[in-house]
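Heads up: the structure comes next, in structure tokens.
As the structure is a prediction and not an experimental result, all values here were calculated from the model.
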Amino acid sequence: MVAEGLGIALPRLREGMRAGTITSVSERGVDADQGRHRLTFFSEHRRFRVVVDASGVIVQRSAVDFGDSTLPRSVRKPRG
């Protein structure tokens, strides 16, 4: 699912994660989002995000493709 979300093949995902060129951030929900988790994955040109509820069911999925532009550093920061 992550490879598909980033628009790459699974072997490239594995290679990128080992090399540190594909990174991720995990965030735990608070207050109204208690019990939810947001998992965000970053490649050079794309961000893929999944939000899951307390039982692990995906409640939201999104991807942003920056095309030929490199992913802005500000996009890699967790948002509150």
Side-chain angles (χ1 to χ4, degrees):
M1 173 178 55
V2 175
E4 179 184 323
L6 290 175
I8 59 176
L10 184 56
R12 186 163 174 231
L13 172 69
R14 290 180 180 145
E15 178 183 301
M17 291 184 87
R18 279 192 289 271
T21 57
I22 295 177
T23 58
S24 62
V25 174
S26 173
E27 300 168 272
R28 185 183 312 220
V30 295
D31 299 328
D33 291 317
Q34 186 71 33
R36 290 186 175 200
H37 294 270
R38 181 167 59 192
L39 309 168
T40 309
F41 300 87
F42 306 94
S43 65
E44 186 177 0
H45 302 281
R46 195 169 173 97
R47 180 188 74 197
F48 174 63
R49 180 175 285 160
V50 177
V51 177
V52 297
D53 67 13
S55 61
V57 174
I58 296 172
V59 295
Q60 184 179 5
R61 213 180 135 145
S62 64
V64 177
D65 189 331
F66 291 88
D68 293 335
S69 300
T70 302
L71 196 69
R73 191 121 203 74
S74 62
V75 175
R76 292 182 177 263
K77 295 180 183 177
R79 297 180 188 229

Starting at CD of Glu4, measure out to CD1 of Ile8 and round the result to the nearest 0.5 Å.
-> 11.5 Å
Can Gln60 and Arg36 be said to form a side-chain contact (heavy atoms from CB on, under 4.5 Å), step by step?
-> CA-CA 11 Å; Gln60 184 179 5; Arg36 290 186 175 200; 5.6 Å; no
On a heavy-atom basis, the closest approach of Ile22 and Arg12 is CD1-O, 4.0 Å
At what distance, to the nearest 0.5 angstrom, does CZ of Arg47 lie from CG of Asp65?
-> 11.5 Å
Other than Val57, which residues form its hydrophobic cluster under the rule that side-chain heavy atoms must be closer than 4.5 Å?
-> none
One should read off an interatomic distance between Glu15 CD and Leu10 CG, to the nearest 0.5 angstrom, of 11.5 Å
Hey, does Ile58 have a side-chain heavy atom less than 4.5 Å from the side chain of Met1?
-> yes
Donor-acceptor under 3.5 Å (His45 side chain, Phe66 main chain) | no
Would you name the heavy atoms of Ala63 and Gly5 that are closest together and state the gap between them?
-> CB-O, 3.9 Å
Cluster partners of Val51, using ILVMFWY side-chain heavy atoms under 4.5 angstrom, listed by chain and number?
-> Val59
If you look at every heavy atom in Phe41 and Leu6, which pair is closest and at what distance?
-> O-CD2, 3.8 Å
For the student: nearest non-hydrogen atoms of Val25 and Phe42, plus distance | CG2-CE1, 3.7 Å
